[in-house]
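Worksheet: the structure to be examined is printed underneath.
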Amino acid sequence: MAEAEVGDEQLRADPTVNRLCRRVAELLGTESAMFLPTGTICNQIALRVHCEPGDEVILEETAHNRHFETGAPAALLGVSLYPVAGRAGVFTAPQLEQAVRVPDHHFPRSRVVLLEQTANLAGGTVWPIETLEEVCTAAQRLGLPRHLDGARLFNAVVASGVAADSYCRNFDSVWIDFSKGLGAPVGAALAGSAEFVERAWRFKHQFGAAMRQAGIIAAGALYALEHNIDRLTEDHENAAQLAAGLAAIEGLEVEPPATNMVFFRTVAHAPLSAYELADRLHERGVAVSRMPDGRLRAVTHLDVSHADIGRALRAVQECMS
Ligand SMILES: *Cc1c(COP(=O)(O)O)cnc(C)c1O
């Protein structure tokens, strides 16, 4: 990052950013890609390209876009969301067909279907490629653009063995986050056809996400793509080990992890509530997120070693006893 060659990203003249965008497009099998500061803005820009105010986005009820982006689709885009109740974050083509509104001037216009790979709040679960293809084929038949929130796409890739471009070819827009499991300090990339990315550039400027010497952070993202994809399997192994250890502790209820996230809660008669447990763990140097529904979430990533899992489990055991 310190040695990155830089230029003015707004003029598309930052060579490191341009190299990153070419690499992302190559990995995802798209014509083009754009560098952005965060995943949240990737979602807003993509939806802005696909939608007009008053349009409706169809997504799974646990979607990040619905819960953790401070109402941005409403606040910034004038777009409403239609949540579908899936199973483990995954819904089906018939459910999509049911969610699409008939064209009528009283109704919002169904406009985009948004899928999340992996599905974060649902437990870091993976959309099976067959279901994903069925939903995307149905969306195409219904004339709906298809958008993939791929914050953790590469976790799905290493967990399933399905290549990134096999997932991405079903979508009109896709993005990946460099600052999650891939371990870069900053950044995300939004990808799609050349025409889609060209239209997205207008909103990148409008939302204030066109940068200057962004090559400094793009260099971290390039490093992450080169070094940190295959090692995601270690995070999945660590998550499995953490979940098995937690399940053996009296008073906890643990969801079996699909990738790198372990969701758990304390049972009703446990000595501590889940949030109290989170506080005590924090004092012991173990960070877990509190979910709004009372669950806790532990995420494994490249700064958490196999030995750290043992340490974390000992800390939980101490707190619970
Ligand atoms: C983290 C996350 C986002 C938002 O990404 P940021 O880079 O934090 O803005 C969007 N969708 C999902 C599924 C996420 O996990």
Side-chain angles (χ1 to χ4, degrees), residues 20 24 28 33-48 57 59-73 75-77 79 81 83-84 86 88-91 112-127 132 146-157 159 164 167-168 171 173-191 200 203-204 207-209 211 214 217-218 220-221 224-225 228 232 235-236 239 257-263 287-293 295 297-302:
L20 173 65
V24 168
L28 304 186
M34 156 191 289
F35 189 44
L36 285 164
T38 67
T40 298
I41 200 149
C42 289
N43 271 340
Q44 302 346 305
I45 289 179
L47 296 181
R48 181 63 189 83
V57 176
L59 37 57
E60 210 276 330
E61 64 182 7
T62 63
H64 190 283
N65 184 248
R66 179 169 178 234
H67 294 285
F68 291 110
E69 299 176 22
T70 56
L76 303 180
L77 315 175
V79 161
L81 305 178
V84 176
V90 172
F91 57 89
V112 180
V113 58
L114 181 156
L115 271 55
E116 194 174 295
Q117 183 75 302
T118 63
N120 180 344
L121 263 197
T125 49
V126 178
W127 273 78
L132 181 147
R146 303 149 302 173
H147 173 66
L148 181 66
D149 173 338
R152 295 187 182 77
L153 176 66
F154 283 106
N155 290 90
V157 167
Y167 289 124
C168 294
F171 294 90
S173 52
V174 299
W175 66 268
I176 55 171
D177 215 318
F178 302 115
S179 66
K180 302 271 170 90
L182 291 179
V186 188
L190 176 62
F203 302 115
K204 176 173 161 80
F207 289 150
M211 296 174 274
I217 51 176
L225 289 180
N228 294 346
L232 290 171
D235 297 340
H236 298 180
T259 49
N260 69 326
M261 294 193 266
V262 182
F263 286 83
V288 296
S289 315
R290 300 146 204 259
M291 297 289 110
D293 58 10
R295 293 181 298 168
R297 189 189 71 170
V299 179
T300 53
H301 52 82
L302 85 175

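Start at 1 and go down the list; that is how both ligands and their atoms are numbered. We use all heavy atoms of the structure for the numbers below, so side chains are in, but hydrogens, waters and symmetry mates are not.
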For the residue pair Phe91 and Trp127, categorise the inter-ring angle as parallel (less than 30°), tilted (30 to 60°) or perpendicular (more than 60°).
->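 Phe91 and Trp127: perpendicular rings.
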ring-ring contact (aromatic ring centres under 6.0 Å, His included) involving [X] - partner list, sequence neighbours excluded:
{"X": "Phe68", "answer": "His64"}
{"X": "His236", "answer": "none"}
{"X": "Phe154", "answer": "none"}

Tell me yes or no: between the side chains of Asn43 and Glu69, is some donor less than 3.5 Å from an acceptor?
-> yes
Heavy-atom closest pair (Gly89 atom, Thr62 atom, distance to 0.1 Å) is CA-OG1, 4.2 Å
Show the protein residues that qualify under the rule heavy atom under 4.0 Å from an atom of ligand 1, listing them in chain and number order.
->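 For ligand 1, the contacting residues are Thr38, Gly39, Thr40, His64, Glu69, Glu116, Asn120, Asp149, Ala151, Arg152, Trp175, Asp177, Lys180.
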